[in-house]
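Notes follow the structure.
The first residue of the sequence shown is numbered 1, and numbering continues consecutively from there.
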Amino acid sequence: MTDQQAHQFERGTDGPKVVLVGLDGSDSSLRAVSYAAGLARRQRALLAIVYVQPVMAAGAALGVPVAGTTDEIAESLVAQIRAAAEQVKGVFETRWEFHTFRGDPYNGLVRAADDLKADAVVVGASEQAGHRIVGSVAVRLVKAGRWPVTVVP
């Protein structure tokens with residue numbers, strides 16, 4: 001065995017150690033967080049909650065304070081998660097972390113899954129009608145074929 005093989009990351013051989021879930025504040029993403037939290041608790045895995053801050057170059061060019069707005073959204077999501085975690089504290093013990101990445105949702109989640117060495121990815125189903133034609137983030141993650149992906153309705 002070479003040094004590179006000894007240090008190579010191996011996905012999913014003993015059950016997930018890191019369950020990554022995308023959160024954007026939508027109802028389906030909140031259901032996805034609940035589902036992922038249950039999975040992480042049962043598997044004794046780390047729950048990595050990821051919010052991808054959109055990069056809106058056009059809005060920024062027009063002087064819209066995009067970064068400040070998305071930072072406020074991220075802070076609001078963290079507050080909601082902390083409040084929910086406090087409600088079940090002692091009942092469901094789950095290790096979790098909150099991460100923010102910048103970019104479009106698909107590339108942000110891919111980068112997060114790679115950086116955090118996710119064994120499983122959980123996302124909410126798209127609530128936008130146009131995604132049935134173009135393809136949603138969830139479908140693109142499944143097609144990437146790099147992690148088991150669970151899509152929560």
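By the rule that hydrophobic residues join a cluster once side-chain heavy atoms approach within less than 4.5 Å of another member, F98 and L46 end up as members of separate clusters. Hydrophobic clustering (ILVMFWY, side-chain heavy atoms < 4.5 Å, transitive): V52 and Y106 are in one cluster. Both L39 and I49 are assigned to one and the same hydrophobic cluster, defined by single-linkage of ILVMFWY side chains at heavy-atom distances under 4.5 Å. No chain of hydrophobic side-chain contacts below 4.5 Å, direct or via other Ile, Leu, Val, Met, Phe, Trp or Tyr residues, connects Y35 to V18. Linking ILVMFWY residues whenever their side-chain heavy atoms come closer than 4.5 Å, directly or via other members, places V149 and V50 in the same cluster.
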(request) Give the C-alpha distance, both sets of side-chain angles, the deciding distance and a yes or no for side-chain contact (heavy atoms from CB on, under 4.5 Å) between L20 and V122. (result) CA-CA 6 Å; L20 183 138; V122 179; over 6 Å; no
(request) Apply side-chain contact (heavy atoms from CB on, under 4.5 Å) to H99 and L116, showing your working. (result) CA-CA 10 Å; H99 300 271; L116 301 172; 3.7 Å; yes
(message) Let's go through L109 and V123 carefully: what are the C-alpha distance in whole Å and the side-chain angles of both, what is the deciding distance for side-chain contact (heavy atoms from CB on, under 4.5 Å) to 0.1 Å, and is it a yes or a no?
(response) CA-CA 10 Å; L109 289 173; V123 291; 3.9 Å; yes
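Nearest heavy-atom pair across S28 and A125 is OG-O, 2.8 Å. Scanning both residues, A40 and L47, for their nearest heavy atoms gives CB-CB, 3.9 Å. Closest approach of V19 to A36, counting heavy atoms only: CG1-CB, 4.0 Å. For the residue pair K17 and D119, the shortest heavy atom distance occurs at N-OD2, 2.6 Å. Nearest heavy atom pair, residue A113 against residue V121, reads CB-CG2, 4.2 Å.
Of the possible polar contacts, none joining the R31 side chain to the G124 backbone as a donor-acceptor pair under 3.5 Å is found. Between the side chain of S126 and the backbone N or O of S136 there is no donor-acceptor pair closer than 3.5 Å. Between the side chain of S29 and the backbone N or O of G25, at least one donor-acceptor pair lies under 3.5 Å.
Cation-pi geometry between R111 and F101 is not met: the NZ or CZ atom fails to fall both under 6.0 Å from the ring centre and inside 45° of the normal.
Inter-residue side-chain proximity for V33 and W96 is flagged as unmet; no heavy-atom pair is nearer than 4.5 Å. Using a 4.5 Å heavy-atom threshold, the side chains of W147 and V110 count as touching.
Separation of atoms CD (Q43) and OG1 (T94) is listed at 12.0 Å; rounding is to 0.5 Å. Considering CD of Q53 and CD of E72, their distance stands at 11.0 Å, rounded to 0.5 Å.
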